[in-house]
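This report concerns only the one structure given below.
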Amino acid sequence: MEYYKITSQEIDVNEVVSSVIHPESGAVNTFIGTVREFTGQKQTVSLQYEAYPSMAEKQLCRIGSEISDRWPGVKTSIVHRTGKLAISDIAVVIAVASPHRAESYEASRYAIERIKEIVPIWKKEYWVDGEEWIGDQLEQTSYPNGRPEEERHD
Amino acid sequence: MEYYKITSQEIDVNEVVSSVIHPESGAVNTFIGTVREFTGQKQTVSLQYEAYPSMAEKQLCRIGSEISDRWPGVKTSIVHRTGKLAISDIAVVIAVASPHRAESYEASRYAIERIKEIVPIWKKEYWVDGEEWIGDQLEQTSYPNGRPEEERHD
Amino acid sequence: MIKVLFFADQREKVGKDQLEFDGEGMNIHAVKTYLEEKYPALALDRTMTAVNEEYEEEEERLMEKNDVIAFIPPVSGG
Amino acid sequence: MIKVLFFADQREKVGKDQLEFDGEGMNIHAVKTYLEEKYPALALDRTMTAVNEEYEEEEERLMEKNDVIAFIPPVSGG
């Protein structure tokens, strides 16, 4: 059974994978985002994720619907963790099941790109020498239309 | 710690994922192959996988090396199950960890394509009305050079 | 009354995670202006607006009783 | 002595999973011919050859003592 969840608990990858497997699926692709220590020379100590949980779950569910519209028969579950995370902790797990492997890759990639566009979750990075909300500094990102575009990956 | 294994036991996805996560990774892509019930109108009842285990593990390890040559810093683990599997059972788990997400998708896709080319594992399908070794019927596949090409995905 | 939610840096700048006030009948643009005057540190120009957990493009949209509005900073999940 | 391994449909056709015989000095081509004559049901023309767990392209390669040879049918894992 597909699900879309914001949680402050550790994410069990097996559970997310199991939720999308069904008799018509032959392939499950998962994308797992983990906390990386180095970005160039910058050393991350920990991350904090914050969400607007009720809305974030609705947006994750919307991504699942977009996927089953584009790739009929494809099932998706997405879980994103919030709170303080250490290096190598799992922040997000996306699982996509499909009859054949090509769509499982495409749909999984689509899901992570859409999460980075429309799901109200924010990351605060704690470095050795400071901290910052990442959305706050993204001067290149703005929303001239007041909301993200409907679907920009074709 | 990366590993390459043929096993007759159930595969634990969490374990394969954990084995590739490291402080420089920010993304883990996994590909999980499951037993699909229907292929067109043909209904599968169960599958049996057989391997040449020692050689198959060497070939899986070779795929891991090919990946780290092409995508430096990318880590790969692969586990393939053998024996009789039922519908929805997991046959193979590939986990690929990389600093950024694009390579994790590319390398994961590369791994599954290479498995289907060079790793000595065979599938016998049991249908409602018969059974067949899948490699046996693949008349379109032959090896004019006596072995699979070195790397045919560029 | 309507409710405004603050997230991430907004929450830190405002010092709380929500605010209720008598904003019925104001449009979204007026709510932004009101908040930016009340909390000069807030910058809402790069945000998306969400009303009752759905994105809302129309700046002229009028607030109704019990609406929950949030100004979503550029997201950075994943 | 050398050892031949049989997999999948080969194992079923031959009725066993390996065979040892005095094949030292034979080349790969000769081993194939020998096996196809011994087991008429075997078809080795679409196989890859593996010697000691590595693919071997050279049909002229001579078998040495204790070599393990296998004729790999088209694979279907994954």
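In what follows, every chain begins at residue 1, and chains take the letters A, B, ... in the order their sequences are listed.
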With only heavy atoms counted, which part of [X] is less than 4.5 Å from chain D, the side chain, the backbone, both or neither?
| X | value |
| --- | --- |
| B:Ile115 | both |
| B:Lys123 | both |
| B:Ala51 | backbone |

Could you state the interatomic distance from CD1 (B:Ile67) to CZ (B:Arg114), rounded to the nearest 0.5 Å?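 Answer rounded to 0.5 Å: 10.0 Å.
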Spacing of D:Glu24 atom CD and D:Met1 atom CE [to the nearest 0.5 Å]: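 That separation rounds to 8.5 Å.
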Identify the residue among B:Tyr4, B:Tyr52, B:Tyr49, B:Trp122 that makes a ring pair (Phe, Tyr, Trp, His ring centres under 6.0 Å) with B:His80.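 Answer to the ring pair (Phe, Tyr, Trp, His ring centres under 6.0 Å) test with B:His80 among B:Tyr4, B:Tyr52, B:Tyr49, B:Trp122: B:Tyr49.
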Using non-hydrogen atoms and a 4.5 Å limit, figure out which bit of [X] sits close to chain B: side chain, backbone, both or neither.
| X | result |
| --- | --- |
| D:Gln10 | neither |
| D:Ile28 | neither |
| D:Ala70 | side chain |

Show your working on side chain to side chain contact (heavy atoms under 4.5 Å, CB included) between B:Ile118 and B:Ile63 and close with a plain yes or no. CA-CA 9 Å; B:Ile118 65 166; B:Ile63 293 171; 3.9 Å; yes
Starting from the C-alpha separation in whole Å, work towards a yes-or-no answer on salt bridge (Lys or Arg N to Asp or Glu O under 4.0 Å) for B:Glu66 and B:Arg62. CA-CA 6 Å; B:Glu66 288 175 0; B:Arg62 169 181 162 181; 3.2 Å; yes
Electrostatic pair B:Lys124:B:Glu50 at N-O distance under 4.0 angstrom: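 Salt bridge: no.
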Pick from B:Ser54, B:Ala91, B:Pro120 with the largest number of heavy-atom pairs that fall under 4.5 Å of chain D: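 Of the options given, most contacts go to B:Ser54.
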Taking every non-hydrogen pair under 4.5 Å, which of D:Glu58, D:Glu59, D:Glu54 racks up the most with chain B?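 Most pairs with chain B among the choices: D:Glu54.
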